Amino acid sequence: MKDYKEVKDFDQLIELEHGKVGSESRNRYEEGAQMFIVSEMLKAARKEANLTQEELALRAGTKKSYISKIENGKGNIQLATLIRIFEQGLNKRIGLTFL
């Protein structure tokens with residue numbers, strides 16, 4: 001059982017639960033967290049545009065099932081396809097930041 005008594009902030013909690021930055025466990029956690037963020041951003045943007053998954057897929061030149069997978073945090077997203085979904089499908093620009 002893990003000892004949470006010494007945990008003072010969120011970063012310490014994440015390290016306790018998933019390991020130090022760069023560890024395999026931490027990398028899996030970070031990837032999942034980023035996927036969740038992208039999925040929620042896509043879902044919110046699609047709903048704001050008042051589009052169904054099928055309508056967005058048609059505009060972006062992909063399949064409804066692909067949009068659904070992204071929105072549910074499943075599968076692997078190709079960067080070019082993600083950009084096309086946002087730019088062609090939702091008329092929004094994508095910006096990337098590297099930390």
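The structure displayed is predicted, hence computed values, not measured ones. FYI, the numbering just counts along the sequence from 1.
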Do the side chains of Leu90 and Leu51 get nearer than 4.5 Å, heavy atoms only? yes
Please tabulate, for the side chains in residues 92-99, all donor-acceptor contacts under 3.5 angstrom to protein atoms that are two or more places apart in sequence or on a different chain.
{"residue": "Arg93", "atom": "NH1", "partner": "Glu87", "partner atom": "OE2", "Å": "3.4"}

Applying side-chain contact (heavy atoms from CB on, under 4.5 Å) to Asp9 and not counting sequence neighbours gives Asp11, Gln12
Side chain to side chain, Ile70 and Thr81, heavy atoms closer than 4.5 Å: no
From NZ (Lys8) to CD (Glu6), nearest 0.5 Å: 5.0 Å
Among residues at least two apart in sequence or on other chains, which ones pass side-chain hydrogen bond (donor to acceptor under 3.5 Å, both in side chains) with Gln34? none
For Glu55, enumerate each residue passing the salt bridge (Lys or Arg N to Asp or Glu O under 4.0 Å) test, keeping only those at least two apart in sequence or located in another chain. none
Is there a side chain to side chain contact (heavy atoms under 4.5 Å, CB included) between Leu56 and Leu42? Walk through the geometry before answering. CA-CA 10 Å; Leu56 177 57; Leu42 176 59; 3.9 Å; yes
Under the rule for side-chain contact (heavy atoms from CB on, under 4.5 Å), what residues qualify as partners of Ala44, not counting sequence neighbours? none
Would you call Leu58 and Glu54 a side-chain contact if the rule is heavy atoms closer than 4.5 Å? no
Which pairs pass salt bridge (Lys or Arg N to Asp or Glu O under 4.0 Å) with one or both residues in residues 12-34, sequence neighbours excluded? Lys2-Glu17, Glu15-Lys20, Glu24-Arg28, Arg26-Glu30
Minimal non-hydrogen separation, Gly73 against Ser39, with atom names: N-CB, 4.0 Å
Quick one: salt bridge (Lys or Arg N to Asp or Glu O under 4.0 Å) pairs with a partner in residues 59-86, sequence neighbours left out? Arg46-Glu71
Within 6.0 Å of CE in Met35, more than 12 heavy atoms from elsewhere: yes
Would the number of heavy atoms belonging to other residues, nucleotides or ligands and lying under 6.0 Å from CG of Asp3 be above 12? yes
Are the side chains of Tyr4 and Leu13 in touch, meaning some heavy atoms are under 4.5 Å apart? yes
Which residues share a side-chain hydrogen bond (donor to acceptor under 3.5 Å, both in side chains) with Ser68, sequence neighbours left out: Asn72
With sequence neighbours left out, which residue pairs that include part of residues 58-81 fulfil the ring pair (Phe, Tyr, Trp, His ring centres under 6.0 Å) condition? none
Show me the pairs that pass ring pair (Phe, Tyr, Trp, His ring centres under 6.0 Å) and involve residues 7-48, at least two apart or across chains. His18-Tyr29
